[in-house]
Amino acid sequence: MTLKTIITASAIVALSATTALADVKVGMITTLSGGGAGLGIDVRDGFMLAIEQSGRDDIEVIIEDDQRKPDVAVQLADRMIQSENVDVLTGIIWSNLAMAVVPSAVAQGKFYLSPNAGPSALAGRGCNENYFNVAWQNDNLHEAAGAYSNDAGYTNTYILAPNYPAGQDALTGFKRMYDGELSGEIYTQLGQTDYAAEIAQIRASGADSVFFFLPGGMGISFLKQYADSGVDLPVVGPAFSFDQGILQAVGAAALGVRNTSQWSKDLDNAANVAFVETFVAEYGRLPSLYASQGFDTANLLISAIEVADVHDQDAFRTALEAADFASTRGDFAFGPNHHPIQNIYVREVVQEGDVFTNAIVATALTDHSDVYAAECQF
Amino acid sequence: MTMILLIEQVLNGLQFGVMLFVMAAGLTLVFGVMGLINLAHGSLYMVGAFAAATVAGLTGSFLLALAASLAAAAAAGALVEIVVIRRLYARDHLDQVLATFALILIFSEGTRWLFGSFPLFLDVPSWLSGPVELPGGILYPAYRLAIIGVGLAVAVGLWALITRTRMGIRIRAGESDREMIAALGVDISKLYTVVFALGAGLAGLAGALVGAIQSVQVGMGEPVLILAFVVIVIGGIGSIKGALVASLLVGLTDTLGGVLLPSLFAQVMERSSAMLVGSSLASMLIYILMAVVLVVRPSGLYGVRS
């Protein structure tokens, strides 16, 4: 044995000895720079608010920026797993990044708690006992929009989404629940900012309503141009284009639009009232659904730490499965594939003073799970 | 497809085209006159949009906001030229690309530091909002018509500047032989700063005009920058006329391709997959156009040098 290997070996022993004694180490990989940074910042702030409120000093959170790039996310995950030796990973916003990181992280025996992305590939055959999704399966909010369109009596809807996996899942999810006819179906380009051509087609199509999934800046552009075009068909969409960060940039163009969400700031339960109040006090802005997801993820983690040791994987997993925490959504449980079973609501964009926000007007789906759960075998 | 829909789509293509032109004109001037590849042109577009959103938020006046976008982007352009770009003229293109790419990162993170990560609000002014009825019963947003007007006015103004003024003569002279006009006593470095600021100001104006109907956010300039490069390559580097023709070509190809191709495919296949295939192919169309133009005319439509 050479000197070098002895040093390496003793370093490894020293490292594992300290982690065995130490607290729970959480690695958060999320998007904090570039175009999608608003989402990651909200998840981080919600998560850290819950950690702070718990008053625990035995949870160490390492936060890193993935810049919305899969290769960066993979590097960060490798570093966190191999040299920082984290116990739990969390934070990823985008499905393509989650697909790059989650399968290998759980294969290396780490827990992954997803505060946002819920690609179908991880909910069905590709599920893993150490992967928990605290937000939703990707299809869920679109399914709810389909169900709501039926309730609202729409029979001839025009649907559009960007041409990438989550966009295709969105239209599939909508059509799974929607019973009426489609007057048109368009895939736009990812990152497209001008929707004049699509709006002209909607105008000419004779549709009675429009469903769209255009997250982030794409949704802002679409809504402003739609409002300016003089087409006045009702619009339905998932909450991603109507979250608190985006609404102020859309302005009055979004007023009255119905959107589906598992969370809203006016949900009347004690956990949510306290969350909204403390979030505003801490950060000086209203929380978005992403912030609520980060907050719930941290509280789920804390609830499991309270009853089990993170190094006893089976006990810790059972503690996570119990989901024994006060969710900002009210009732919350995990299905057999570790994805949420929850209500999904219909919200309407309203104006409160100077601020545009959402208010719940109906419940689209009750105790909703996802269609992939049946395919999942741990 | 009805005639009305087709005319509306042609108008959309025109509007997209003239906006690309305002963006690409500065880029092609800087490339042609100074031989500089400026990747940070998209950041100046973003600076214009943020300046407009800020001023519109403070004063409520859209015209003031437009003026602010021109001024802020031109000032940022002049500053960048004097501090950084000036040192790059003699270097090769790789150094220029590296340095201006660094500028993109500095502008993006600087803007985030100043304005935060959430998109800003900038809306169409009330006197231009809503649709107007054109002859033939076509409803078309007034604001987009105004954009077409502004774009064409910029084109005429640039044409007059280049062909009818002393400054234009110097720009053209600088393009063909920079040592000679320096020897004739023209302050070439001042000329470069002015040309760069002019290009930057136009990019900022485009950012503000488009920001009102799209979203004002960090990183908004990069997708447009790629299209602007496609435009100047098709049009021929350094040619304003080429940039105008190529912008309109790209705008119309992109818009009409996106509309017509999916419905063409729908004739022969099931609708859902026709939409998928058609829209994927439509997004490639402008690059196919660029490839075809380069095969036929390697220096672009109106390019003088290869």
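Throughout, a chain's letter reflects where its sequence line sits, starting with A, and its residues are numbered from 1. This one's a predicted model, so the numbers in the text were calculated from it and none came from an experiment.
Closest approach of Ser221(A) to Ser215(B), counting heavy atoms only: OG-N, 3.5 Å. Closest approach of Asp254(B) and Gln189(A) over heavy atoms only: OD1-NE2, 4.0 Å. Scanning both residues, Ala200(A) and Leu5(B), for their nearest heavy atoms gives O-CD1, 3.3 Å. Nearest heavy-atom pair, Lys224(A) versus Gln214(B), reported as atom, atom and distance to 0.1 Å: NZ-O, 2.7 Å. Nearest heavy-atom pair, Ser279(B) versus Tyr187(A), reported as atom, atom and distance to 0.1 Å: CB-O, 3.2 Å. Scanning all heavy atoms of the two residues, the minimum distance from Gly130(B) to Asp228(A) falls at N-OD1, 2.7 Å.
Looking at Ser129(B), the atoms closer than 4.5 Å to chain A (heavy atoms on both sides) sit in the backbone and in the side chain alike. Only the side chain of Glu109(B) comes within contact range of chain A, with at least one heavy atom under 4.5 Å from a heavy atom of that chain. Interface residue Gln168(A): only side-chain heavy atoms are found under 4.5 Å from chain B. Of the two parts of Asp194(A), the backbone and the side chain both hold a non-hydrogen atom closer than 4.5 Å to a non-hydrogen atom of chain B. There is no contact between Val231(A) and chain B, counting heavy-atom distances below 4.5 Å. When heavy atoms are compared at a cutoff of 4.5 Å, Ala212(B) approaches chain A solely by way of its backbone atoms N, CA, C and O. Interface remark: Ala204(A) contributes side-chain atoms only to the contact with chain B (heavy atom separation under 4.5 Å).
For the set Pro141(B), Gly116(B), Pro131(B), the entry with the most heavy-atom pairs within less than 4.5 Å of chain A is Pro131(B). Taking Leu139(B), Val224(B), Thr255(B) one by one and counting their heavy-atom pairs under 4.5 Å with chain A, the maximum is reached by Leu139(B). Of the listed residues (Leu182(A), Ile199(A), Leu223(A), Ile186(A)), the greatest number of heavy-atom pairs within a distance under 4.5 Å of chain B belongs to Leu182(A).
Between the CZ atom of Phe121(B) and the CD1 atom of Ile220(A) there is a distance of 11.0 Å, given to the nearest 0.5 Å.
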